[in-house]
2 protein chains.
Amino acid sequence: MNQLKEALDTLKETGVRITPQRHAILEYLINSMSHPTADDIYKALEGKFPNMSVATVYNNLRVFREVGLVKELTYGDASSRFDFVTTHHYHIICESCGKIVDFHYPGLDEVEHLASHVTGFKVANHRMEIYGSCPECVSKEVH
Amino acid sequence: MNQLKEALDTLKETGVRITPQRHAILEYLINSMSHPTADDIYKALEGKFPNMSVATVYNNLRVFREVGLVKELTYGDASSRFDFVTTHHYHIICESCGKIVDFHYPGLDEVEHLASHVTGFKVANHRMEIYGSCPECVSKEVH
DNA sequence: TAAACTATTTATAACAATTATAATTTAAGA
DNA sequence: TCTTAAATTATAATTGTTATAAATAGTTTA
């Protein structure tokens, strides 16, 4: 139910200390419906933690990732974005404005199987994203 | 037939000058069956072009990408890798040693359609990769 | 062919995201 | 409360990539 509480329990179970900074970062990740960068988080929490270091944000995002609470989305040029893991979903990304929208799709098991069969790899997971233009940017293009 | 020749023709058609450096970078990309980083290319051509600049490699990879000859593969931490575009294919990546292997799969049109329908985006393209362990690394794990 | 123009390369500096380091502080169990 | 390992901070370093300006090399025009 309460995502934050569950997340904190996960941390406890894995023996990760719950510091105020970690609490705040998790809270921000859960509440922000966007997919913030490390810097977004840093800036957002500047008010509450005036002397928090950027390194803390990065360190803790790594911790959360290792524990499985957070997923790191890496796109070429720009900086990584971080996504609180709830249910399995994919992303569609607007190439004009950068907006990221979630969408659900049954996992691509078939592709994984074929790839495994053809290459002999032991498959762990996959990533997929779709690129295009969001409705707002499409309508802007047309004028 | 001859990929290099075709690529050079493409450059000619689009009015991109064919310099010795560009020729060499293309040749290297086509012949190397791996997916080299900009630095790999830079190092590989050091012998032939002792005072070529890294910027030249980056510049020309960008040119090739814009013309559609080359695809840039971006993964989080590490540096971009570059792939000479031949037929449409996907990649499976070994998480232990970083090896990248190509595999073919009919495009994921269905996913694109669903995503477009659900989100209202105009879809342009997608990316997908599979992660796992290559046969060599799997056998190493077992001992 | 020579002059003029433009694209390309080079060398270098700048930049931005991220990580490493070392000193200081703090959470959580005894 | 004390202790200790873990976390935070401040800062510096690193790394991949891009920007800049000067030098060079192709092209086009006269």
Results of ring-ring contact (aromatic ring centres under 6.0 Å, His included) for His35(B) - residues two or more places apart only: His91(B)
side-chain hydrogen bond (donor to acceptor under 3.5 Å, both in side chains) with [X]: which residues, sequence neighbours excluded?
X: Arg17(A); result: none
X: Arg22(B); result: Asn60(B)
X: Glu112(A); result: His126(A)
X: Thr37(A); result: Asp40(A)

Whole angstroms only, please: what is the [atom1]-[atom2] distance between [X] and [N]?
X: Tyr58(A); N: dT15(D); atom1: OH; atom2: P; answer: 17 Å
X: Leu11(A); N: dA6(D); atom1: CG; atom2: P; answer: 16 Å
X: Tyr42(B); N: dT15(D); atom1: OH; atom2: C1'; answer: 15 Å
X: Ile41(A); N: dT8(D); atom1: CD1; atom2: P; answer: 14 Å
X: Asp39(B); N: dG16(D); atom1: CG; atom2: P; answer: 7 Å
X: Glu66(A); N: dA6(D); atom1: CD; atom2: C1'; answer: 14 Å
X: His23(B); N: dT8(C); atom1: NE2; atom2: P; answer: 16 Å
X: Leu73(A); N: dA17(C); atom1: CG; atom2: P; answer: 16 Å

At less than 4.0 Å, is any side-chain N or O atom of Ser80(A) found next to OP1 or OP2 of dT18(C)? Yes or no. yes
Under-4.0 Å side-chain N/O to phosphate OP1/OP2 contact, Arg22(A) with dT8(D): yes
Should Leu114(A) and Tyr90(B) count as side-chain neighbours, where that means a heavy-atom distance under 4.5 Å? no
Looking at side-chain heavy atoms only, is the closest gap between Leu11(A) and Leu26(A) below 4.5 Å? yes
For His117(A), I'd like to know if atom NE2 has over 12 heavy atoms of other residues, nucleotides or ligands within 6.0 Å. no
Does anything in residues 48-59 of chain B form a side-chain hydrogen bond (donor to acceptor under 3.5 Å, both in side chains)? List the pairs, not counting sequence neighbours. Asn59(B)-Arg62(B)
Quick test: give all pairs of protein nitrogen or oxygen and nucleotides 27-29 of chain C nitrogen or oxygen below 3.5 Å, distance rounded to 0.1 Å.
unit_1	atom_1	unit_2	atom_2	d
dA28(C)	OP1	Ile18(A)	N	3.4

Going by side chain to side chain contact (heavy atoms under 4.5 Å, CB included), Ile25(B) matches just one of Thr19(B), Ile30(B), Leu61(B). Which one? Leu61(B)
Nucleotide N/O of nucleotides 9-12 of chain D paired with protein N/O under 3.5 Å:
unit_1	atom_1	unit_2	atom_2	d
dT9(D)	OP1	Gln21(A)	NE2	3.2
dT9(D)	OP1	Asn51(A)	O	3.4
dT9(D)	OP2	Ser53(A)	N	3.2
dT9(D)	OP2	Thr56(A)	OG1	2.8
dT9(D)	O5'	Asn51(A)	O	3.1
dA10(D)	OP2	Asn51(A)	O	3.0
dA10(D)	N7	Ser53(A)	OG	3.3

Polar side-chain atom of Arg127(B) near backbone of Leu73(B) as donor-acceptor pair, under 3.5 Å: no
So for the helix from dT1(C)-dA30(D) to dA30(C)-dT1(D), with five pairs setting each end axis, what is the inter-axis angle to 10°? 30°
Distance (rounded to the nearest 0.5 Å) between Leu108(A) CG and Asn125(A) CG: 12.0 Å
Across all chains, not counting sequence neighbours, the salt bridge (charged side-chain N to carboxylate O under 4.0 Å, His left out) partners of Glu136(B) are Lys99(B)
List the residues meeting salt bridge (charged side-chain N to carboxylate O under 4.0 Å, His left out) with Asp39(B), not counting sequence neighbours, and say none if there are none. Lys43(B)
When you measure from every atom of DNA chain D, which of residues 92-99 of chain A have a heavy atom less than 4.0 Å away? none
